[in-house]
Trainee: 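Right, I'll just put the structure down here and ask away after.
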Amino acid sequence: MIPTITAFERSPDRGRGLARDLRVRWALEEVGQPYEVRLLSFAAMKQPAYLALNPFGQIPTYEEGGLALFESGAIVLHIAERRAGLLPGEAAARARAIMWMFAALNTVKPPVFERALLMVLDRDRPWFNKRLGTLDDRIRERLRQLSARLGGADWLDGAFSAGDLLMVTVLRRLEGTELLEAHPDLSAYVARATARPAYRRAFAAQRAVFEAGQGGR
Ligand code: GTB
């Protein structure tokens, strides 16, 4: 059965590959699973029919037969568990790859996401610089720790896994900042991951939605 995912009809990221359906597209591409996409307006995402699918009214969702999922991390895990390519077969290595998925979303992402929100929503606030400094310090510490663990390896734990996939989608939010550029190994890690053919296909597919929207205006 071909799964259907949801994505923004008009993404506020303007085709930069930052909206979270990118993670799901990338995972599907890595495992070679064809998929369909249902594009949604912001208004449609808040309608009862969609809220039944995702109570938070957000993209992405994933539907396959009778199964409906929301939360990009859970969707990536589901995809990785169903088809080979994103999780090792050996039990301990598999558990560690899943650990890295959680580390990406629960330990590295929070300050990175808070910073992204701050930059968009709070630039005019009197406390902006103080808050930015606090978040940047937290991010610097996480990146230092991540870099130390990566230790010059290509991937976080052996072969590329769903842990790397999620970690890279988080680090991409720091592209163009001195925070990431201070770590050439992490920049190279992101570049290595985003050069993967599966990533390129996922990015191009999401970008095509933005470009089609631009042409229609
Ligand atoms: N925890 C959920 C998950 O991982 O699936 C979070 C999903 C989520 O945040 N979805 C966002 C959404 O639907 C889109 S991706 N927002 C609409 C709403 O809440 O009403 C987040 C996102 C949005 C915009 C940019 N951007 O412009 O750069 C980047 C990422």
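Ligands are counted one by one from 1 in listed order, and the atoms in each one are counted from 1 as well. Everything numeric in this text was worked out from a predicted model, so none of it was measured.
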Trainee: May I ask whether Gly73 places a heavy atom under 4.0 Å from ligand 1?
Mentor: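 It does not; every heavy atom stays at 4.0 Å or beyond.
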Trainee: Within 45 degrees of the axis of the six-membered ring of Trp100 and under 6.0 Å from its centre: does Arg94 put its NZ or CZ there?
Mentor: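 No.
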Trainee: Taking atom types as modelled, find out whether Asn54 and Thr61 have a side-chain donor-acceptor pair closer than 3.5 angstrom.
Mentor: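 No pair is found: no donor N or O on one side chain lies under 3.5 Å from an acceptor on the other.
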Trainee: Give the numbers and elements of all ligand 1 atoms closer than 4.0 Å to a heavy atom of Pro60.
Mentor: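 Ligand 1 atoms under the 4.0 Å threshold to Pro60: 5 (O).
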Trainee: Side chain, backbone, both or neither: which applies to Arg14 and ligand 1 if a contact is any heavy-atom pair less than 4.0 Å apart?
Mentor: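 Neither part.
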Trainee: Check whether Phe203 forms a cation-pi arrangement with Arg200 (NZ or CZ under 6.0 Å from the six-membered ring centre, at most 45° off the ring normal).
Mentor: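 Cation-pi check for Arg200 and Phe203: passes.
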Trainee: Between Lys46, Arg23, Glu71, Arg16, flag the one that comes closest to atom 1 (N) of ligand 1 by a heavy atom.
Mentor: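 Selected option, by shortest heavy-atom distance: Glu71.
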Trainee: Around Phe102, counting heavy atoms of other residues, nucleotides and ligands shown, do more than 12 lie under 6.0 Å from its CZ?
Mentor: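 Not buried by this count: 12 neighbours or fewer within 6.0 Å.
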Trainee: List the closest protein heavy-atom neighbour of atom 25 (C) of ligand 1: residue, atom name, distance to the nearest 0.1 Å.
Mentor: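 The closest heavy atom on the protein side is Asp13 CB, 4.1 Å.
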Trainee: Would you compute the distance between atom CG of Leu28 and atom CD of Glu36 and round it to the nearest 0.5 angstrom?
Mentor: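 The CG atom of Leu28 sits 11.5 Å away from the CD atom of Glu36.
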Trainee: How close do Phe8 and Phe42 get, heavy atom to heavy atom, and via which atoms?
Mentor: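 Closest heavy-atom pair between Phe8 and Phe42: CE2-CZ, 3.4 Å.
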Trainee: Measure Phe56 to ligand 1 on non-hydrogen atoms and call it side chain, backbone, both or neither using the 4.0 Å cut-off.
Mentor: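 Contact part for Phe56 vs ligand 1: neither.
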Trainee: Check whether the side chains of Thr169 and Arg23 place a donor and an acceptor atom closer than 3.5 Å, and report yes or no.
Mentor: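 Yes.
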Trainee: At what distance is the nearest protein heavy atom to atom 9 (O) of ligand 1, and which residue and atom is it?
Mentor: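 The closest one turns out to be Arg20 NH1, 3.0 Å.
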Trainee: For Lys109 and ligand 1, does the shortest N/O to N/O distance drop below 3.5 Å?
Mentor: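 It does not: no N or O of Lys109 is found under 3.5 Å from an N or O of ligand 1.
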Trainee: Measuring from atom 24 (C) of ligand 1, which candidate in Gly57, Gly15, Pro12 has the nearest non-hydrogen atom?
Mentor: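 The residue whose heavy atom sits nearest atom 24 (C) of ligand 1 is Pro12.
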Trainee: How far is atom 29 (C) of ligand 1 from the closest protein heavy atom, and which atom is that?
Mentor: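 So the nearest neighbour among protein heavy atoms is Arg173 NH1, 3.5 Å.
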Trainee: So which bit of Arg172 gets within less than 4.0 Å of ligand 1, heavy atoms only: side chain, backbone, both or neither?
Mentor: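 Neither; no heavy atom under 4.0 Å.
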Trainee: Check for me whether Arg196 meets the cation-pi criterion with Tyr189, that is, NZ or CZ under 6.0 Å from the six-membered ring centre and within 45 degrees of the ring axis.
Mentor: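 Arg196 over Tyr189 ring: no.
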Trainee: Show which atoms of ligand 1 fall inside a sub-4.0 Å distance from at least one heavy-atom site of Phe42.
Mentor: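 Checking each atom against Phe42, I get 17 (C).
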Trainee: Looking at side-chain heavy atoms only, is the closest gap between Arg131 and Asp122 below 4.5 Å?
Mentor: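 With C-beta onward as the side chain, the pair stays apart.
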Trainee: Give a yes-or-no answer on whether the side chains of Tyr62 and Ser72 include a donor-acceptor pair shorter than 3.5 Å.
Mentor: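 Their side chains do not contain a donor-acceptor pair, so the 3.5 Å distance test is not met.
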Trainee: For atom 19 (O) of ligand 1, which protein heavy atom lies nearest, and how many Å away is it?
Mentor: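 That would be Gln58 NE2, 3.0 Å.
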Trainee: Could you pull out, from Leu40, Ile59, Leu22, Thr169, the option with a heavy atom nearest to atom 10 (N) of ligand 1?
Mentor: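 Considering heavy atoms of Leu40, Ile59, Leu22, Thr169, the nearest to atom 10 (N) of ligand 1 sits in Ile59.
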Trainee: Tell me the protein heavy atom at minimum distance from atom 5 (O) of ligand 1, and give that distance in Å.
Mentor: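 Minimum-distance protein heavy atom for atom 5 (O) of ligand 1 reads Ser72 N, 2.8 Å.
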Trainee: How long is the gap from CG on Leu146 to CG on Leu156, to the nearest 0.5 Å?
Mentor: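 The distance works out to 6.0 Å.
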Trainee: Counting only nitrogen or oxygen atoms and a 3.5 angstrom limit, does Met45 reach ligand 1?
Mentor: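 It does not: no N or O of Met45 is found under 3.5 Å from an N or O of ligand 1.
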Trainee: Measure the distances from the heavy atoms of Phe8 to every atom of ligand 1 and state whether one is below 4.0 angstrom.
Mentor: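 Phe8: in contact with ligand 1 (<4.0 Å).
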